[in-house]
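These values consider heavy atoms only, across backbone and side chains, with no hydrogens, waters or symmetry-generated copies.
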2 protein chains.
Amino acid sequence: MSEFRPVATRRAFEDITAQIRDRLMRKSLQSGDRLPAERQLAEQFRVSRNTLREALRSLEIAGLVELKKGASGGAFIREGGGEAVVAGLSDLFRMGAIRPEHLTEARILVGTEVTRLACKRRNKMDLAALEANVRAAQAATGRGETARRAEINYEFHRLLARATRNPVLIVLTDALMEMTRHFVETIGYQPNRYVLPSRRRLLALLRDGDAAGAAKEMEQMLKRLQRSHLASYGKTK
Amino acid sequence: MSEFRPVATRRAFEDITAQIRDRLMRKSLQSGDRLPAERQLAEQFRVSRNTLREALRSLEIAGLVELKKGASGGAFIREGGGEAVVAGLSDLFRMGAIRPEHLTEARILVGTEVTRLACKRRNKMDLAALEANVRAAQAATGRGETARRAEINYEFHRLLARATRNPVLIVLTDALMEMTRHFVETIGYQPNRYVLPSRRRLLALLRDGDAAGAAKEMEQMLKRLQRSHLASYGKTK
DNA sequence: GACTATAATTGGTAGAACCATTGAAAGCAA
DNA sequence: TTGCTTTCAATGGTTCTACCAATTATAGTC
């Protein structure tokens with residue numbers, strides 16, 4: 001392995017974003033803080049406003065700042081929400097780098113572990129939110145609102161991930177659900193009779209704190225979902 | 001829940017990126033393709049070159065295109081590498097939204113499942129690469145090259161993830177290793193005596209195809225690593 | 001005090017110009 | 001012909017100026 005590294009003629013906007021990222025890491029900039037106005041910042045960095053705007057655009061896409069118009073507007077530091085990660089994985093799915101079989105497999109592995117951990121950490125508020133979600137799912141099913149039903153189902157997994165208190169699992173689950181939404185839109189939503197009963201069994205296991213049982217229930221449900229999803233996909237292909 | 005959605009006064013550059021993303025999804029644009037030159041594209045979209053450049057910058061940060069200078073340069077469609085996802089999670093770690101205990105916990109959960117799946121799918125080339133990695137780790141340890149040793153260790157996990165053939169797990173592992181690198185840089189690399197023996201046991205289990213055993217071995221090693229990492233972190237805090 | 005019109009601030013867009021890098025084509029020499 | 005050098009055109013990177021559009025603070029009015 002060579003001791004050299006590729007020469008990197010850094011572009012001006014990259015230098016700017018690096019400086020701001022550095023201040024973020026050193027807590028010299030925190031969420032909610034506002035950066036000076038574009039014209040002022042451009043002067044401080046000794047670059048044109050165009051170049052500065054490319055830097056801000058880059059930070060905005062990365063989810064680090066939010067740009068607001070008008071007086072008392074400007075670039076505000078966002079708190080880490082993970083939108084960039086979700087968008088990045090969605091792009092991979094759109095481009096075909098992540099295929100349906102990869103997505104469903106990852107959902108099984110991640111969903112099972114999320115369920116296991118959520119069962120150990122969930123509090124009463126988590127349980128209440130999950131129960132409300134299942135009630136909403138039942139109501140939507142009764143009214144035949146399939147699209148709404150799908151959204152409620154995704155939300156269940158997001159709620160469960162939040163109960164783990166681990167942001168890595170939270171943002172990963174958000175991304176998996178976003179990809180699943182894209183996927184299901186292409187193959188068409190298929191009503192089924194097994195998700196809702198599984199949810200009820202899962203709720204009981206979560207209440208009892210039976211982590212192994214809850215994980216098993218989730219795993220089996222996700223495997224069943226995988227089979228039907230991939231079957232639908234095979235037909236449309 | 002309301003039926004309305006927030007009004008979104010779309011900015012020009014967002015319209016442009018949406019159009020290009022759409023062509024990517026419909027395979028009308030594929031990796032390796034080259035977009036027209038900036039001046040030409042600006043004319044086609046009926047926007048100024050500034051606005052078009054902001055759109056290209058956005059796509060570049062998202063990892064969808066690569067910009068090259070010079071004659072026969074331009075914006076080239078990249079194949080999905082997941083750099084944006086890695087960068088996004090790294091940002092979350094830098095900003096403190098993901099904390100060391102979250103990182104180490106996620107590594108245990110993901111690493112265990114990656115090992116299990118890799119054990120089922122690995123071929124001879126995967127095994128050879130992993131064995132070469134462990135040999136390199138031993139050599140680096142013998143020469144006392146701690147920084148190089150750390151890099152080789154991260155590479156082991158990346159190689160293992162690639163053996164799963166699942167891009168979601170691959171990019172996730174890449175991101176976890178990148179965050180770990182940041183983390184270890186701040187707490188200082190601690191040489192240890194248990195990783196290398198664990199690697200040898202793991203290799204044997206991978207060769208035998210003992211998925212459960214390999215997963216267990218990885219899990220125990222990662223938990224031990226977690227304890228020492230968090231202990232070091234507690235001292236520096 | 002509540003409402004309204006005004007003004008100031010700020011991000012969004014446009015257009016032209018120039019620089020720096022890159023690679024291909026033309027020219028030249030052996 | 002072959003190989004090297006020079007030239008040149010294409011392209012991204014950067015700057016500057018001007019104006020538009022949205023937003024909010026502020027002064028003014030009833």
Please tell me which of the listed nucleotides, C:dA14, C:dG12, D:dG12, lies nearest to the side chain of B:Thr51?
C:dA14

So which nucleotide from C:dA8, C:dT13, D:dG13 ends up closest to the side chain of B:Ser48?
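Among the listed nucleotides, the one closest to the side chain of B:Ser48 is C:dT13.
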
Taking donor-acceptor contacts at under 3.5 Å, does the side chain of A:Asn50 reach the base of D:dT15?
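Indeed, a donor on one side and an acceptor on the other fall under 3.5 Å apart.
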
C:dG12 base / A:Arg49 side chain donor-acceptor hit below 3.5 Å:
yes

Check against side-chain contact (heavy atoms from CB on, under 4.5 Å), A:Arg94 and A:Met179
CA-CA 8 Å; A:Arg94 262 202 291 268; A:Met179 288 187 280; over 6 Å; no

Below 4.0 Å: OP1/OP2 of [N] and any side-chain N or O of [X]:
| X | N | result |
| --- | --- | --- |
| B:Arg53 | D:dG13 | yes |
| B:Arg39 | C:dA16 | no |
| B:Arg57 | D:dG12 | no |
| B:Ser72 | C:dT22 | no |

Residues B:His229, B:Val184; criterion side-chain contact (heavy atoms from CB on, under 4.5 Å); working and verdict:
CA-CA 8 Å; B:His229 275 171; B:Val184 169; 3.9 Å; yes

Find the distance [X]:[atom1] to [N]:[atom2] and express it as a whole number of Å.
| X | N | atom1 | atom2 | value |
| --- | --- | --- | --- | --- |
| B:Leu56 | D:dG12 | CG | P | 8 Å |
| B:Asp15 | C:dT13 | CG | P | 10 Å |
| B:Lys68 | C:dT21 | NZ | C1' | 14 Å |
| B:Glu38 | C:dA20 | CD | C1' | 14 Å |
| A:Lys69 | D:dA22 | NZ | C1' | 5 Å |
| B:Glu66 | D:dT11 | CD | C1' | 15 Å |
| B:Phe76 | D:dT11 | CZ | P | 10 Å |
| B:Arg34 | D:dA10 | CZ | P | 12 Å |

May I have the step-by-step check of side-chain contact (heavy atoms from CB on, under 4.5 Å) for B:Leu103 and A:Val168, ending in yes or no?
CA-CA 7 Å; B:Leu103 170 61; A:Val168 178; 5.6 Å; no

Between B:Gln40 and A:Ala12, who's closer to the 5' end of DNA chain D by nearest nucleotide?
B:Gln40

Nearest-nucleotide 5' precedence on DNA chain D, A:Glu54 against A:Gly73:
A:Glu54

Does the side-chain contact (heavy atoms from CB on, under 4.5 Å) test come out yes or no for B:Arg107 and B:Thr173, once each step is laid out?
CA-CA 8 Å; B:Arg107 278 195 67 184; B:Thr173 299; over 6 Å; no

Where is the tightest heavy-atom contact between B:Gly73 and B:Arg34, given as atom of each residue plus distance?
O-CZ, 3.1 Å

On DNA chain C, more 5' by nearest nucleotide between B:Val47 and A:Ala75 is A:Ala75

